[in-house]
Visitor: 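This is the structure I want to talk about, given as structure tokens.
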Amino acid sequence: MKKRAALLVALSLAVVTVLAGCGGKDSSKSADSKDSAATFEEKKEGDTFTVGFDQDFPPMGFVGDDGEYTGFDLELAKEVCDRNGWEFNPEPIAWDSKDALLKSGEIDCIWNGFTMNGREDEYTWSEPYLDNQQVFVVRADSGINSEKDLAGKTVDVQTDSSAEAALKDNTELSSIFSTEIIPDYNTGFMNLESGAVDAVAMDIVVAKYQIESRSAEFKILDYEIASEQYGVGFAKGNDAVKDQVQKTLEEMAADGTLAKISTKWFGEDITTIGK
């Protein structure tokens, strides 16, 4: 019995020791994780610069006729990379996963007609480079001539977009019609063309491009849902890379490159840096 008791005591001590060891390892891991919080450093020549964008958001970022990614914002980003000797990597993302991808470091920034207003404290931002408004687009023959004519109608709006946020804030307006959430504006315009919906709430710079590139007749209502500014969004605290991008954009504004790219996509210089 004494031998058996001694054996049980020894086994108990062994278990306690193992458990203590496991607890120590977990505590150390937690401390290590705490100590290894993400840090941000400047990009060096040869580094990759990954831009997160919505590939169904022309003219800011989309798939061109040649199957390559293109768009106003992507052209700006590529020029920034070329001037800094970075490898440009456009990464199409699901818009509602943008924050997780940014925080994980899978993308360096969100550069895709990204609205700053209302998000000022959620990201580290470049200076605004474009002014924008949220508007309604309808078919030219719809008989809808003002926002009041949308009463009882159906309006498409992209998920997690500025238009969606603006309409949620303006309940007096949004309560008069039904809202349908869509994944992208291409879907919205197809629904509008087919008559499945009566209007699309969206960015005016995107609306003008879509209207110009489609054969159907559309019009923009003379009503501003909200006004806003576009900026390049980085993970909170990533001032190092933000400053590099901002400096390059200012150089592009000074030498006329920003104006040239803007005129190519919009027919005029609508950029705001340096003005």
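In this text the structure is predicted, and so the values were computed from the model without any measurement. Any value given below was found using the heavy atoms of this structure, including those in side chains, with hydrogens, waters and symmetry copies removed.
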Visitor: Could you tell me whether the side chain of Thr257 reaches within less than 4.5 Å of the side chain of Glu79, counting heavy atoms only?
Guide: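 They are in contact (side-chain heavy atoms under 4.5 Å apart), so the answer is yes.
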
Visitor: Is Phe136 reachable from Met190 through a run of I, L, V, M, F, W or Y residues, each pair having side-chain heavy atoms under 4.5 Å apart?
Guide: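 No, Met190 does not connect to Phe136 through the hydrophobic network.
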
Visitor: Take Tyr129 and Leu258, measure what side-chain contact (heavy atoms from CB on, under 4.5 Å) needs, and give me the verdict at the end.
Guide: CA-CA 9 Å; Tyr129 62 92; Leu258 270 185; 5.7 Å; no

Visitor: Counting only heavy atoms not in Glu224, do more than 12 sit closer than 6.0 Å to its CD atom?
Guide: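 For Glu224, atom CD is crowded (more than 12 foreign heavy atoms under 6.0 Å).
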
Visitor: How would you list, by chain and number, every residue that makes a side chain to side chain donor-acceptor pair (under 3.5 Å) with Thr70, sequence neighbours excluded?
Guide: none

Visitor: Do the non-hydrogen side-chain atoms of Phe266 and Pro59 ever get within less than 4.5 Å of each other?
Guide: yes

Visitor: Drop me the distance from Ser126's OG to Trp111's CH2, to the nearest 0.5 angstrom.
Guide: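 Those atoms lie 7.0 Å apart.
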
Visitor: Restricting to salt bridge (Lys or Arg N to Asp or Glu O under 4.0 Å), what partner residues turn up for Glu193, sequence neighbours left out?
Guide: Arg214

Visitor: Is any side-chain heavy atom of Ile220 less than 4.5 Å from a side-chain heavy atom of Gln133?
Guide: no

Visitor: Taking ring-ring contact (aromatic ring centres under 6.0 Å, His included) as the cut-off, I'd like each qualifying pair that reaches into residues 212-250, sequence neighbours left out, listed once.
Guide: Phe189-Phe218

Visitor: In Å, rounded to the nearest 0.5 Å, how long is the span from OG of Ser227 to CD1 of Ile204?
Guide: 11.5 Å

Visitor: Would you name the heavy atoms of Ala166 and Ile225 that are closest together and state the gap between them?
Guide: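 Closest heavy-atom pair between Ala166 and Ile225: CB-CG2, 3.7 Å.
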
Visitor: Under the salt bridge (charged side-chain N to carboxylate O under 4.0 Å, His left out) definition, can you give me all pairs with a residue in residues 162-180, not counting sequence neighbours?
Guide: Glu164-Lys168

Visitor: Taking only Lys NZ, Arg NE, NH1 and NH2, and the carboxylate oxygens of Asp or Glu, determine whether Glu212 and Lys208 approach each other closer than 4.0 Å.
Guide: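 No, no charged N to carboxylate O under 4.0 Å.
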
Visitor: List for me each residue that meets salt bridge (Lys or Arg N to Asp or Glu O under 4.0 Å) alongside Asp131, sequence neighbours excluded, and say none if there are none.
Guide: none

Visitor: If you take all heavy atoms of Met116 and Gly231, which pair is closest and at what distance?
Guide: CG-N, 3.5 Å

Visitor: Which residue pairs pass the salt bridge (charged side-chain N to carboxylate O under 4.0 Å, His left out) test with at least one member in residues 50-60, sequence neighbours excluded?
Guide: none

Visitor: With a 3.5 Å cut-off and no angle check, do the side chains of Thr159 and Asp96 form a donor-acceptor pair?
Guide: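 Checked: Thr159/Asp96 side chains show no N/O donor-acceptor pair below 3.5 Å.
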
Visitor: Would the number of heavy atoms belonging to other residues, nucleotides or ligands and lying under 6.0 Å from CG of Asp255 be above 12?
Guide: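 More than 12 heavy atoms, drawn from other residues, nucleotides or ligands, come within 6.0 Å of this atom.
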
Visitor: Could you go step by step and tell me if Glu228 and Gln134 meet the side chain to side chain donor-acceptor pair (under 3.5 Å) rule?
Guide: CA-CA 8 Å; Glu228 61 190 23; Gln134 296 299 324; 2.7 Å; yes

Visitor: Ile261 vs Trp265, test: side-chain contact (heavy atoms from CB on, under 4.5 Å). Steps then yes/no.
Guide: CA-CA 7 Å; Ile261 296 175; Trp265 287 98; 3.9 Å; yes

Visitor: Mark yes when over 12 heavy atoms from residues, nucleotides or ligands other than Glu120 sit less than 6.0 Å from its CD; otherwise mark no.
Guide: yes

Visitor: How would you list, by chain and number, every residue that makes a salt bridge (Lys or Arg N to Asp or Glu O under 4.0 Å) with Lys44, sequence neighbours excluded?
Guide: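 If we apply the salt bridge (Lys or Arg N to Asp or Glu O under 4.0 Å) test to Lys44, skipping adjacent residues, there are no hits.
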
Visitor: Is the number of heavy atoms from other residues, nucleotides or ligands under 6.0 Å of Asp66 CG greater than 12?
Guide: yes

Visitor: Tell me every residue that passes salt bridge (Lys or Arg N to Asp or Glu O under 4.0 Å) with Glu75, counting only those two or more places apart in sequence or in another chain.
Guide: Lys264

Visitor: Lys219: which residues meet the side chain to side chain donor-acceptor pair (under 3.5 Å) condition with it, sequence neighbours left out?
Guide: Asn145

Visitor: Should Leu167 and Val138 be regarded as members of a common hydrophobic cluster, given that ILVMFWY residues are connected when their side-chain heavy atoms come within less than 4.5 Å of each other, either directly or indirectly?
Guide: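 Same hydrophobic cluster.
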
Visitor: Mind checking the OG1-CG spacing from Thr115 to Asn132? Nearest 0.5 Å is all I need.
Guide: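 Interatomic distance, Thr115 OG1 to Asn132 CG, rounded to 0.5 Å: 6.0 Å.
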
Visitor: So how far is it from Ile107 CD1 to Phe49 CZ, rounded to the nearest 0.5 Å?
Guide: 10.0 Å

Visitor: Between Lys78 and Asp82 (salt bridge meaning N to carboxylate O under 4.0 Å), is one present in this structure?
Guide: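 Yes.
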
Visitor: Give the minimum heavy-atom separation between Asp269 and Ala259, together with the two atoms involved.
Guide: OD2-CB, 3.4 Å

Visitor: Might you point out which heavy atoms bring Pro58 and Asn186 nearest each other, and give the distance in Å?
Guide: CG-OD1, 4.1 Å

Visitor: Applying side chain to side chain donor-acceptor pair (under 3.5 Å), name anything that partners Glu42, two or more places apart in sequence or on another chain.
Guide: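 Side chain to side chain donor-acceptor pair (under 3.5 Å) list for Glu42, sorted by chain: empty.
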
Visitor: So, using ring pair (Phe, Tyr, Trp, His ring centres under 6.0 Å) as the criterion, who are the partners of Phe53 when residues are at least two apart?
Guide: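 Phe53: ring pair (Phe, Tyr, Trp, His ring centres under 6.0 Å) contacts with Tyr69.
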
Visitor: So do the side chains of Asp203 and Met60 get within less than 4.5 Å of each other, counting heavy atoms only?
Guide: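 No, every pair of side-chain atoms sits at 4.5 Å or beyond.
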
Visitor: Would you mind reporting whether Asp108 and Trp86 have side-chain heavy atoms less than 4.5 Å apart?
Guide: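 SC-SC contact between Trp86 and Asp108 ruled out.
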
Visitor: Taking the side chain as every heavy atom from C-beta outward, state whether Leu130 and Phe72 have any atom pair closer than 4.5 Å.
Guide: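 Leu130 vs Phe72: side chains touch.
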
Visitor: Distance check, rounded to the nearest 0.5 Å: Arg119 atom CZ versus Asp121 atom CG?
Guide: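 Taking CZ in Arg119 and CG in Asp121, the distance rounds to 13.0 Å.
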
Visitor: So, for Thr48 and Asn89, which heavy atoms are closest and what is the spacing to 0.1 Å?
Guide: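 Smallest heavy-atom distance, with atoms named: CG2-CB, 3.7 Å.
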
Visitor: Under the side chain to side chain donor-acceptor pair (under 3.5 Å) rule, collect the residues that match up with Asp184, sequence neighbours excluded.
Guide: Thr187

Visitor: Any chance you could measure Leu249, atom CG, to Gln244, atom CD, to the nearest 0.5 Å?
Guide: 12.0 Å

Visitor: Quick check: Tyr123 with Phe114 (ring centres under 6.0 Å apart)?
Guide: yes

Visitor: Taking all non-hydrogen atoms of both residues into account, name the closest pair between Lys236 and Phe40 and its distance.
Guide: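 For Lys236 and Phe40, the tightest heavy-atom pair comes out as O-CE1, 3.5 Å.
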
